Engineer: 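Would you mind keeping the following structure in view while I ask a few things?
Below, read A as the first sequence line, B as the second, and so on, with proteins coming before strands; counting in each chain starts at 1. Predicted model only: the values in this text are computed from it and were never measured.
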There are 2 protein chains.
Amino acid sequence: MNIGDVAERAGLPAKTIRYYEDIGLVRPTRDANGYRAFTEQDAHKLIFLARARALGFSIEECRALLALWEDRARASADVRAIAKDHLARIEEKIADLEAMRDTLSDLVRSCAGDNRPDCPILTSLAEG
Amino acid sequence: MNIGDVAERAGLPAKTIRYYEDIGLVRPTRDANGYRAFTEQDAHKLIFLARARALGFSIEECRALLALWEDRARASADVRAIAKDHLARIEEKIADLEAMRDTLSDLVRSCAGDNRPDCPILTSLAEG
DNA sequence: CATAGGGCTTCCAGTCACTGGAAGGTCAAG
DNA sequence: CTTGACCTTCCAGTGACTGGAAGCCCTATG
């Protein structure tokens, strides 16, 4: 398979896949013409990566998950620990964003949004 | 005021303030010894910036907000538009993160997390 | 007067995960 | 034979800092 084929199958840009090779997440061989040759297994790996990335796992977490995936003697506890940590970070982020959203929507609601200069948004940023 | 003083007042690292000077958000003068000399106005600007950044506004949005803040002839509509756009992006992010959280917490819940290799998290990443 | 420490300066490099673009090789169709 | 889609490498840029090295400045103490 050429890079374009796996790219389509994984739903990832070819550039991203080249990058994944650079950092050692996939190791395709090469055809005589220098083109990357992806196996079916490589394609599965990339699909796995695309899904893990879509769930917000960092590249290093993906690397760890891939290693566990390929390790038949893994303990599911190790996988679960990674996912749990990640879940906790996501929940933190959501809480942070919700706090921003609440403040911002209050401010947006309180601002007339007309031609006049008076603006509670600016006042709040200036005065706390 | 030296950089350390404004840093403490604004709650920003000195490094960040130097960076803000680099990109033209503040323009302190210099003392004879080369130290940055911040005025009371600079301090207020930095406090404004710190608050806007804490609400998640990008640097370019902060630049625009700062310009509006300093423009007595501004229309509050312009400020409100920036805030509303930002609010919409935050709401998108929250929705994305909530989708991740929901999927992840299902997966974490379904995984035994013991010594055995069977892991629904990996299965789901591999098979969709 | 020397020195020790803290704060200040600049500049360079690294972060994360790509992304864009230039310059050029390869391949299949018409 | 040419066109156009694909592939290659390499370099640089993104956003918003952050870390670190090398060195100057200021104050306080011995």
Side-chain angles (χ1 to χ4, degrees), chain A residues 1-38 42-43 45-46 48-66 85-86 89-90 92-93 96-97 100, chain B residues 1-38 42-43 45-46 48-66 82 85-86 89-90 93 96-97 100:
Chain A
M1 247 178 298
N2 281 350
I3 198 167
D5 305 319
V6 269
E8 186 167 8
R9 283 182 55 183
L12 291 171
K15 276 243 161 185
T16 297
I17 296 175
R18 284 188 202 108
Y19 171 68
Y20 287 175
E21 183 189 20
D22 272 2
I23 61 173
L25 285 180
V26 267
R27 304 184 182 285
T29 55
R30 299 296 177 123
D31 286 337
N33 58 14
Y35 286 19
R36 288 167 183 81
F38 294 87
D42 289 329
K45 248 193 191 181
L46 287 165
F48 181 101
L49 284 169
R51 292 215 181 95
R53 292 288 300 130
L55 285 177
F57 286 105
S58 73
I59 289 287
E60 287 318 307
E61 286 166 334
C62 288
R63 197 190 298 278
L65 289 171
L66 259 187
D85 281 6
H86 178 46
R89 280 204 320 284
I90 285 187
E92 256 184 68
K93 265 196 202 169
D96 289 353
L97 287 170
M100 288 182 196
Chain B
M1 246 178 303
N2 282 349
I3 199 166
D5 305 319
V6 270
E8 187 167 7
R9 282 183 56 183
L12 292 170
K15 276 243 161 186
T16 297
I17 296 175
R18 285 188 201 107
Y19 170 68
Y20 287 174
E21 184 189 21
D22 271 2
I23 61 173
L25 285 180
V26 267
R27 305 184 182 283
T29 56
R30 298 297 176 123
D31 286 338
N33 58 14
Y35 286 18
R36 288 168 182 81
F38 294 88
D42 290 328
K45 248 192 191 181
L46 287 165
F48 182 101
L49 284 169
R51 293 215 181 95
R53 290 288 299 131
L55 285 177
F57 287 105
S58 73
I59 290 286
E60 287 317 308
E61 286 167 334
C62 287
R63 197 191 297 279
L65 289 171
L66 213 42
I82 294 175
D85 281 5
H86 179 45
R89 279 204 320 283
I90 284 187
K93 265 195 203 171
D96 289 352
L97 287 170
M100 289 182 195

Engineer: Nearest whole Å is fine: how far is dC7(D) P from Ile17(A) CD1?
Structural biologist: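 Between P of dC7(D) and CD1 of Ile17(A): 10 Å.
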
Engineer: Would you mind telling me which of Asp22(A), Leu46(A), Asp42(A) makes a side chain to side chain contact (heavy atoms under 4.5 Å, CB included) with Ile17(A)?
Structural biologist: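 With Ile17(A) as partner, Asp22(A), Leu46(A), Asp42(A) yield a single side chain to side chain contact (heavy atoms under 4.5 Å, CB included), made by Leu46(A).
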
Engineer: Determine: side-chain N/O of Arg18(A) to OP1/OP2 of dC7(D), distance under 4.0 Å, yes or no.
Structural biologist: no

Engineer: Find the distance Lys15(B):NZ to dG14(C):C1' and express it as a whole number of Å.
Structural biologist: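 Rounding to the nearest Å, NZ of Lys15(B) and C1' of dG14(C) are 11 Å apart.
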
Engineer: Base, sugar-phosphate alone, or nothing: which one does Ile23(B) contact when heavy atoms must sit under 4.0 Å apart?
Structural biologist: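 Ile23(B): no heavy atom of the nucleic acid under 4.0 Å.
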
Engineer: Quick one: Asn2(B) CG to dC24(D) C1', roughly how many Å, whole number?
Structural biologist: 14 Å

Engineer: What nucleic acid atoms does Arg36(A) come within less than 4.0 Å of, heavy atoms only: base, sugar-phosphate, or nothing?
Structural biologist: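 Sugar-phosphate contact only.
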
Engineer: Reading DNA chain C from 5' onward, which residue's closest nucleotide shows up sooner: Ala14(B) or Asn33(A)?
Structural biologist: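 Upstream on the strand: Ala14(B).
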
Engineer: OP1 or OP2 of dA17(C) sitting under 4.0 Å from any side-chain N/O of Thr16(A)?
Structural biologist: no

Engineer: Report the distance from atom CD1 of Ile3(B) to atom P of dC17(D), rounded to the nearest whole Å.
Structural biologist: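 Atom-to-atom, Ile3(B) to dC17(D), this comes out as 13 Å.
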
Engineer: So does Tyr20(B) get a side-chain nitrogen or oxygen closer than 4.0 Å to the phosphate oxygens (OP1/OP2) of dA16(D)?
Structural biologist: no

Engineer: Taking the side chain of Pro13(B) as its heavy atoms from C-beta onward, which of dT18(D), dT10(C), dC17(D) lies nearest to it?
Structural biologist: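 Ranking dT18(D), dT10(C), dC17(D) by closest atom to the Pro13(B) side chain puts dT18(D) first.
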
Engineer: Can you measure Glu21(B) atom CD to dT10(C) atom P for me and round it to whole angstrom units?
Structural biologist: 7 Å

Engineer: Between C1' on dG15(D) and CZ on Arg63(B), what's the gap in Å once rounded to a whole number?
Structural biologist: 12 Å

Engineer: Quick one: is Ser58(A) getting a side-chain N or O under 4.0 Å of the dC16(C) phosphate, OP1 or OP2?
Structural biologist: no

Engineer: Using a strict threshold of under 4.0 Å (side-chain N to carboxylate O), is an ion pair present between Arg18(A) and Glu21(A)?
Structural biologist: no

Engineer: Hey, could you give me the CG/OH distance between Leu25(B) and Tyr19(B), rounded to the nearest 0.5 Å?
Structural biologist: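 Going from the CG atom of Leu25(B) to the OH atom of Tyr19(B) covers 8.0 Å.
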
Engineer: To the nearest Å, how far apart are Tyr19(B) OH and dT18(D) P?
Structural biologist: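 About 10 Å, once rounded to whole Å.
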
Engineer: Round to the nearest Å and state the distance from Arg30(A) atom CZ to dT26(C) atom C1'.
Structural biologist: 14 Å

Engineer: Any carboxylate oxygen within less than 4.0 angstrom of a Lys/Arg side-chain nitrogen, looking at Glu92(A) and Arg89(A)?
Structural biologist: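 No, no charged N to carboxylate O under 4.0 Å.
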
Engineer: More than 12 heavy atoms of other residues, nucleotides or ligands under 6.0 Å from CZ of Arg30(B): is that the case?
Structural biologist: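 Counting other residues, nucleotides and ligands, CZ of Arg30(B) exceeds 12 neighbours.
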
Engineer: Reading DNA chain D from 5' onward, which residue's closest nucleotide shows up sooner: Tyr35(B) or Glu60(B)?
Structural biologist: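 Nearer the 5' end of the strand: Glu60(B).
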
